[in-house]
Amino acid sequence: MDNQESATLLARLIGGDFPDDRGRFGPFGGRYAPETLMPALQRLEAGVRRYLHDSAFAAELGHELREWVGRPTPLTPVRHLGRNWGAEVWLKREDLAHTGAHKINNALGQALLAQRLGAKRVIAETGAGQHGVATAAACARVGIPCTVYMGAVDVRRQAPNVDRMHQLGARVVPVESGDRTLRAAIDEAFRDWVSDPEDAYYLLGSAVGPHPYPWLVRELQSVIGREARAQFLEMTGGLPDIAVACVGGGSNAIGLFHPFVADAAVRLMGVEAGGRGAGLGENSATLERGRPGVLHGSYSVLLQDADGQVQETHSISAGLDYPGVGPEHALLKAIGRVDYVSATDSEALEALRECCAAEGILPALESSHALAGARRWARENPGRRILIGLSGRGDKDMPTLSQAFPGAATTTSHH
Ligand SMILES: *Cc1c(COP(=O)(O)O)cnc(C)c1O
């Protein structure tokens with residue numbers, strides 16, 4: 001893409017042209033779905049247009065975000081990390097949102113939308129179980145029954161989250177087909193929706209999928225960036241030099257970035273999972289290493305081999321372990337508005353430890369990728385103001401952390 005073309009697309013993005021009527025973000029996005037799904041997607045799009053920015057809906061959502069989710073989440077200056085890095089650093093604390101991550105913003109907003117649309121039940125997919133837990137909680141609050149599809153492999157790996165979903169009243173269906181992980185769970189959730197499009201609402205968990213999901217999820221997650229921008233202005237009188245977030249499907253990142261896209265002086269950086277390294281199947285660095293293609297209903301960038309087969313991925317953080325990415329990120333990269341880099345498993349672990357020791361905050365392994373990317377940037381660009389989206393808390397990662405840091409779990413007994 002040449003400079004002129006990029007500038008035109010950026011101006012259109014800032015002007016609110018994207019997604020366009022066909023659900024496109026420039027060349028990316030759209031709706032690549034079987035004919036049987038089109039009526040349900042069209043009905044959902046009409047519902048989003050009708051309710052999302054309707055004042056009664058916005059008032060109810062705002063009320064629930066305050067009273068139940070605990071928003072606004074704090075913006076925390078972290079002076080010890082800043083001193084270590086030679087920077088001024090602030091964390092946007094989505095780890096303090098109800099259920100422990102940003103996912104609740106989307107789950108609650110869509111559950112309220114499902115209710116407005118007269119849905120009798122909600123369907124969701126989940127990988128590690130974080131989106132399943134957020135959806136189960138939101139559906140209990142709103143009062144709609146909820147079925148969560150989860151790969152059979154993940155059901156075994158993530159037993160505590162399966163129990164949390166059950167406690168919150170959700171039905172969890174283990175998926176035995178395909179790869180028996182997140183990809184198979186998404187396919188199964190779509191299948192259920194196709195068979196019951198009148199009564200079911202499919203509550204998708206990231207800024208991916210066919211139109212209108214990437215747009216709907218961006219709008220619901222943008223509360224992160226709107227709050228952070230206002231809090232930063234109030235606390236410092238200015239804007240950050242850079243805003244940094246981790247990127248799996250891209251929902252917390254697009255939520256943080258979107259309100260800053262028009263601020264030309266604010267650099268934006270997304271950090272993907274560099275995993276064990278650059279080899280095929282060793283990472284989930286989709287934007288860094290992928291090529292354009294269609295996955296789960298949308299034209300974006302994905303990790304595929306030379307024959308166009310979707311690649312296996314790896315990341316120490318389950319939430320970043322996905323071969324695709326939302327189409328708006330593909331556009332933001334193509335026009336050069338956001339830089340996408342990666343952090344490896346071991347860099348993320350190191351950043352997690354540093355954040356625990358320096359600030360008394362245990363970040364999620366996903367969020368630790370943002371910390372690692374920000375730290376590297378700070379070292380190359382001394383004395384800057386850095387805003388980091390801390391997408392979630394790390395309590396869920398304790399089994400992984402005990403394996404990674406065996407000595408740390410032993411206790412000392414006193415006599
Ligand atoms: C799910 C998850 C992510 C990754 O999802 P995005 O859609 O890319 O935001 C990041 N952080 C946490 C804590 C998560 O639970």
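Since we're looking at a predicted model, the values are computed, not measured. Atoms within a ligand are numbered from 1 in the order they appear, just like the ligands themselves. Computed from heavy atoms alone, side chains included, the values below leave out hydrogens, waters and symmetry copies. Positions are given from 1 along the sequence.
Using a 3.5 Å distance cut-off with no hydrogens or angles, the side chains of H258 and Q221 do not pair a donor with an acceptor. No donor-acceptor contact under 3.5 angstrom links the side chains of Q115 and Y201, judged on distance only.
L220 contributes atom CG, which lies 8.5 Å from atom CG of L108 (distance to the nearest 0.5 angstrom).
Contacts between H102 and ligand 1, counted as non-hydrogen atom pairs separated by less than 4.0 Å, involve the side chain only.
Considering only non-hydrogen protein atoms, atom 1 (C) of ligand 1 sits nearest to K103 NZ, 1.3 Å. Of the protein's non-hydrogen atoms, S391 OG, 2.7 Å is the one closest to atom 11 (N) of ligand 1. For atom 4 (C) of ligand 1, the closest heavy atom belonging to the protein is G319 O, 3.3 Å.
Near C246, meaning under 4.0 Å from any of its heavy atoms, are these atoms of ligand 1: 10 (C). Within ligand 1, the atoms closer than 4.0 Å to a non-hydrogen atom of S251 are 6 (P), 7 (O), 8 (O), 9 (O), numbered from 1 in the order shown. Each of the atoms 13 (C) of ligand 1 lies under 4.0 Å from some heavy atom of A364. Atoms of ligand 1 found under 4.0 Å from any heavy atom of G392 (numbered from 1 in listed order, with element): 13 (C).
Of the N or O atoms in N252, one or more lie within a sub-3.5 Å distance of an N or O in ligand 1. Residue-to-ligand polar distances place G250 within reach of ligand 1: an N/O pair is separated by less than 3.5 Å. An N or O contact shorter than 3.5 Å links G248 to ligand 1 by distance. In terms of N/O distances under 3.5 Å, ligand 1 is approached by G249. Checked by distance only, ligand 1 and S206 come closer than 3.5 Å through their nitrogen or oxygen atoms.
Of the candidates H329, E272, E288, K333, H329 is the only one forming a side-chain hydrogen bond (donor to acceptor under 3.5 Å, both in side chains) with Y340.
Put simply, no part of R393 is less than 4.0 Å from ligand 1, judged by heavy atoms.
Counting heavy atoms of neighbouring residues, nucleotides and ligands inside a 6.0 Å radius, atom CD of E234 does not exceed 12 of them.
Note: W68 and H98 have perpendicular aromatic rings, judged against thresholds of 30 and 60 degrees for the angle between ring planes.
Geometric assessment of R116 against the ring of F57 yields a negative cation-pi assignment under the 6.0 Å and 45° thresholds.
A salt bridge is absent between E380 and R376; no separation between the charged side-chain nitrogens and carboxylate oxygens falls under 4.0 Å.
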Practice problem: Please step through side-chain contact (heavy atoms from CB on, under 4.5 Å) for the pair Y51 and L112, ending with a clear verdict. | Solution: CA-CA 10 Å; Y51 289 115; L112 289 171; over 6 Å; no

